[in-house]
Amino acid sequence: MNNTYETVIGLEIHAELSTKTKIFCSCKTDFGAPPNSQCCPVCMGMPGTLPTLNQKAVEYAVRAGLATNCEISLYSRFDRKNYFYPDLPKGYQITQYEFPICKNGYLDIDTDLGKKRIRITRIHLEEDAGKLIHDSGCGTLVDCNRCGVPLIEIVTEPDIRSSGEAEAFLRTLRSVLMFAGVSDCRMNEGSFRCDINVSVRKIGDSTLGTRSEIKNLNSFSFVTKAIEYEHKRQTELIASSGRVKRETRRFDESDGKTYSMRSKEEENDYRFFEEPDIPALILREEDIERIKKELPMLPDERMKLYLEEYRLTSDTAKVILSDISLAGFFEEAAKASKSPRTTANILVSDILSYSNEGVFSSKIQASQLAVLSDLFFTEQINSSTQKKLIKRMWEEGIDPMLTVREEDLLQINDADILSAIVDEVILENPKCVEDIRRGKTAATKTVIGKAMAKSLGKANPRIINEIVASKFKNEEKT
Ligand code: ADP
Ligand code: MG
Ligand code: ZN
């Protein structure tokens with residue numbers, strides 16, 4: 001029964017913009033500052049104060065629109081959304097209702113069946129509300145630091161059909177916004193959070209079912225769980241001849257279920273009206289062109305660069321592009337190195353194992369990674385030396401070039417020297433030689449290993465291989 005119903009999902013995502021100051025005043029937006037240390041009469045809504053629009057916030061919203069293929073409105077406008085809640089000292093939120101700054105965009109996501117386009121209805125600018133802190137000792141406290149932090153709200157069309165697609169969309173959007181430099185999108189700090197609208201309908205139906213809206217999810221796994229729970233709840237309700245109510249629900253992390261908060265009838269009447277204290281926002285074509293020119297390279301374009309210019313494998317490129325600080329670190333090192341591909345491989349296979357999960361932060365400087373990468377790429381050190389050096393660079397902060405010189409770690413590439421080493425090994429290991437002659441290939445590896453050891457790990461393994469192979473081949477002929 002359940003299988004004959006499909007899920008229909010539309011998302012409303014809030015992202016805090018990375019401006020240094022708030023949207024209508026010059027208070028700072030630093031996360032984690034002591035409560036109420038970053039607010040002023042404007043963002044606390046004192047009578048007689050007037051808002052001044054932050055130009056950077058407008059630029060970031062335009063960037064977000066350009067990065068998500070939206071039309072940018074030359075005319076947009078702010079409106080007041082009136083409601084009463086203790087985290088909103090003004091008694092209204094300034095937002096954009098009828099005339100959003102961006103509209104009609106899209107992002108393509110990867111699904112099991114290939115690319116899928118998810119349309120973006122609109123992106124509008126607004127201010128965040130404060131935060132309530134429920135303290136068991138003193139009751140509920142209000143922190144106004146977040147009042148007036150600039151947000152963009154991104155609203156999608158109901159084009160999403162599964163929790164997997166919802167997650168893919170959110171991941172794609174998050175990475176686009178981060179690379180566009182619009183938001184740091186830290187989900188644990190609430191700077192990227194979303195409301196999900198979910199309904200179900202019989203497959204083949206052309207009208208949408210009644211939806212519920214689940215508020216304020218701040219992790220991919222909560223989004224997935226909430227959608228799956230809603231699909232089950234709604235299909236079961238319909239199967240037992242019930243009706244889905246249009247309502248707002250909340251997701252409970254502890255049991256993975258959603259609970260009704262209020263039905264549509266209990267919804268606030270927001271009494272929207274044009275914000276009288278801020279003039280209409282008029283953009284000129286040349287402003288948009290300038291912002292377009294300043295737009296940092298987006299994930300798709302970076303992927304292309306990594307594959308075509310830097311010659312990375314797509315798996316390596318994906319790993320690096322999963323984290324903006326990792327990508328930044330890689331690009332800095334890649335620019336300074338002879339083989340970006342080698343640099344990327346060292347980064348992904350060696351350095352990442354030392355870095356903690358989460359946001360990448362390196363104890364090694366990008367320029368030093370480039371030096372090490374070049375030492376390896378130009379065959380001045382071999383891979384085991386390279387790995388040992390990375391470990392010491394990370395743990396002890398050694399300088400790779402200096403250490404290679406001081407400790408005489410240069411790879412031995414001289415064929416005569418290596419040939420002499422191999423000869424010694426052959427003389428000392430008649431049993432191995434016997435085995436090789438009888439066709440036991442494992443014995444070849446033993447000879448190579450012993451030669452490597454004799455060189456104190458500094459021999460070029462490729463040349464050693466060639467020498468060993470040729471010595472026994474020549475023998476066959478004579
Ligand atoms: P509201 O003003 O109540 O927030 P909107 O029409 O702006 O409503 O839609 C909000 C979000 O809900 C959008 O992402 C939209 O795609 C989604 N949505 C609308 N109708 C449905 C539905 N029947 N099922 C699932 N999602 C829906
Ligand atoms: Mg809504
Ligand atoms: Zn302020």
Side-chain angles (χ1 to χ4, degrees), residues 1-14 79 81-83 85 93 95-98 100 103-107 109 111 116-124 126 153-170 173 193-253 255-272:
M1 181 77 192
N2 286 2
N3 295 337
T4 61
Y5 285 90
E6 70 172 348
T7 325
V8 174
I9 303 151
L11 303 174
E12 296 165 276
I13 299 104
H14 285 99
D79 299 284
K81 181 179 182 177
N82 298 281
Y83 66 95
Y85 202 67
Q93 178 195 31
T95 179
Q96 294 187 309
Y97 186 56
E98 270 178 273
K103 48 186 195 273
N104 301 329
Y106 65 84
L107 281 179
I109 58 167
T111 72
K116 175 168 176 180
R117 180 154 296 182
I118 308 296
R119 289 169 300 161
I120 290 169
T121 319
R122 55 188 276 152
I123 300 179
H124 62 258
E126 61 186 25
E153 177 172 340
I154 300 133
V155 182
T156 77
E157 290 293 304
D159 288 347
I160 298 164
R161 291 291 174 273
S162 66
S163 56
E165 286 183 14
E167 176 167 352
F169 178 82
L170 289 170
L173 175 66
R193 52 193 201 257
C194 79
D195 303 341
I196 56 182
N197 296 269
V198 186
S199 64
V200 298
R201 67 174 171 190
K202 275 224 172 68
I203 290 177
D205 274 3
S206 56
T207 50
L208 295 176
T210 306
R211 71 180 138 129
S212 59
E213 178 173 357
I214 300 108
K215 284 288 187 193
N216 246 326
L217 296 158
N218 65 353
S219 94
F220 295 123
S221 99
F222 295 163
V223 168
T224 302
K225 284 183 190 149
I227 290 173
E228 277 159 15
Y229 180 78
E230 273 303 294
H231 176 83
K232 184 164 171 288
R233 185 184 72 83
Q234 295 184 17
T235 47
E236 282 175 2
L237 203 61
I238 294 171
S240 61
S241 320
R243 255 188 57 234
V244 176
K245 269 202 305 190
R246 176 91 158 75
E247 63 187 353
T248 304
R249 301 175 71 85
R250 67 177 175 83
F251 175 75
D252 193 317
E253 299 165 18
D255 61 6
K257 295 181 179 171
T258 66
Y259 294 93
S260 180
M261 287 163 74
R262 53 180 185 268
S263 67
K264 201 65 200 171
E265 295 79 60
E266 299 152 1
E267 201 63 67
N268 282 306
D269 172 5
Y270 294 119
R271 292 166 294 121
F272 282 98

Exercise. Between Lys81 and Asp79, is a salt bridge (Lys or Arg N to Asp or Glu O under 4.0 Å) present by the stated rule, with each step listed?
Worked result: CA-CA 6 Å; Lys81 181 179 182 177; Asp79 299 284; over 6 Å; no

Problem set entry | Verdict with reasoning, Thr258 to Phe251, per side chain to side chain contact (heavy atoms under 4.5 Å, CB included) | CA-CA 4 Å; Thr258 66; Phe251 175 75; 4.2 Å; yes

Seminar exercise, completed: Between Asp159 and Arg117, the two heavy atoms sitting closest are OD2-O, 4.3 Å

For this session: Mind listing the closest non-hydrogen atom pair of Leu237 and Val244 along with its distance?
Result: CD2-CA, 3.8 Å

Problem set entry | Tyr270 vs Asn82 side-chain heavy atoms within contact, under 4.5 Å | no

Problem set entry | Distance-minimising heavy-atom pair for Tyr5 and Thr235 | CB-CG2, 3.4 Å

For this session: Kindly indicate, with the supporting measurements, whether the criterion side-chain hydrogen bond (donor to acceptor under 3.5 Å, both in side chains) is fulfilled by Thr111 and Glu165.
Result: CA-CA 7 Å; Thr111 72; Glu165 286 183 14; 5.4 Å; no

For this session: Please name the pair of heavy atoms, one in Cys194 and one in Ile13, separated by the smallest distance, quoted to 0.1 Å.
Result: CB-CG1, 3.7 Å

Problem set entry | Beyond-backbone contact of Arg201 with Thr207, side-chain heavy atoms, under 4.5 angstrom | no

Problem set entry | Pairwise side-chain contact, Val223 with Glu167, heavy-atom cut-off 4.5 Å (strictly under) | no

For this session: For the pair Lys225 and Glu228, find out whether any cationic side-chain nitrogen is under 4.0 Å from an anionic carboxylate oxygen.
Result: no

Exercise. Going from CD1 on Ile120 to NZ on Lys103, what distance comes out if it is rounded to the nearest 0.5 angstrom?
Worked result: 14.5 Å

Problem set entry | Intermediate values then yes/no, side chain to side chain contact (heavy atoms under 4.5 Å, CB included), Arg233 and Ser212 | CA-CA 11 Å; Arg233 185 184 72 83; Ser212 59; 3.9 Å; yes

For this session: Determine the minimum heavy-atom distance between Pro158 and Leu208, stating which atoms define it.
Result: CG-CD1, 3.9 Å

For this session: Give, for atom CG of Asp252 and atom CD1 of Ile214, the distance between the pair rounded to the nearest 0.5 Å.
Result: 13.0 Å

For this session: State whether the number of non-hydrogen atoms from other residues, nucleotides or ligands found under 6.0 Å of Phe272 atom CZ is greater than 12.
Result: yes

Exercise. Side chains of Asp195 and His14: closer than 4.5 Å at any heavy-atom pair?
Worked result: yes

Problem set entry | Pairwise distance CD(Glu126) to OH(Tyr97) - rounded to 0.5 angstrom | 12.5 Å

Exercise. Do you know the tightest heavy-atom contact between Ile196 and Ala226?
Worked result: CD1-CB, 3.8 Å

Exercise. Ile203 and Thr4: side chain to side chain contact (heavy atoms under 4.5 Å, CB included), yes or no, with the steps?
Worked result: CA-CA 6 Å; Ile203 290 177; Thr4 61; 5.7 Å; no

Exercise. Can you tell me how far the CD atom of Glu247 sits from the CD atom of Glu266, to the nearest 0.5 Å?
Worked result: 9.0 Å

Exercise. Below 4.5 Å, heavy atoms only, C-beta onward: do Arg119 and Thr121 meet side chain to side chain?
Worked result: no

For this session: For residues Glu153 and Ile123, determine if any side-chain heavy atom of one lies less than 4.5 Å from a side-chain heavy atom of the other.
Result: no

Problem set entry | Within 6.0 Å of NZ in Lys116, more than 12 heavy atoms from elsewhere | yes

Problem set entry | From Ile118 atom CD1 to Glu157 atom CD, the distance as rounded to the nearest 0.5 Å | 10.5 Å

Seminar exercise, completed: In this structure, CZ of Phe169 is separated from CD1 of Ile9 (nearest 0.5 Å) by 12.0 Å

Problem set entry | Arg122 (side chain) donor-acceptor with Pro100 (main chain) under 3.5 angstrom | no

Exercise. Applying the side chain to side chain donor-acceptor pair (under 3.5 Å) test to Thr7, which of Glu230, Arg161, His231 qualifies?
Worked result: His231

Exercise. Does the side chain of Arg249 reach to within under 4.5 Å of the side chain of Glu213, using non-hydrogen atoms?
Worked result: no

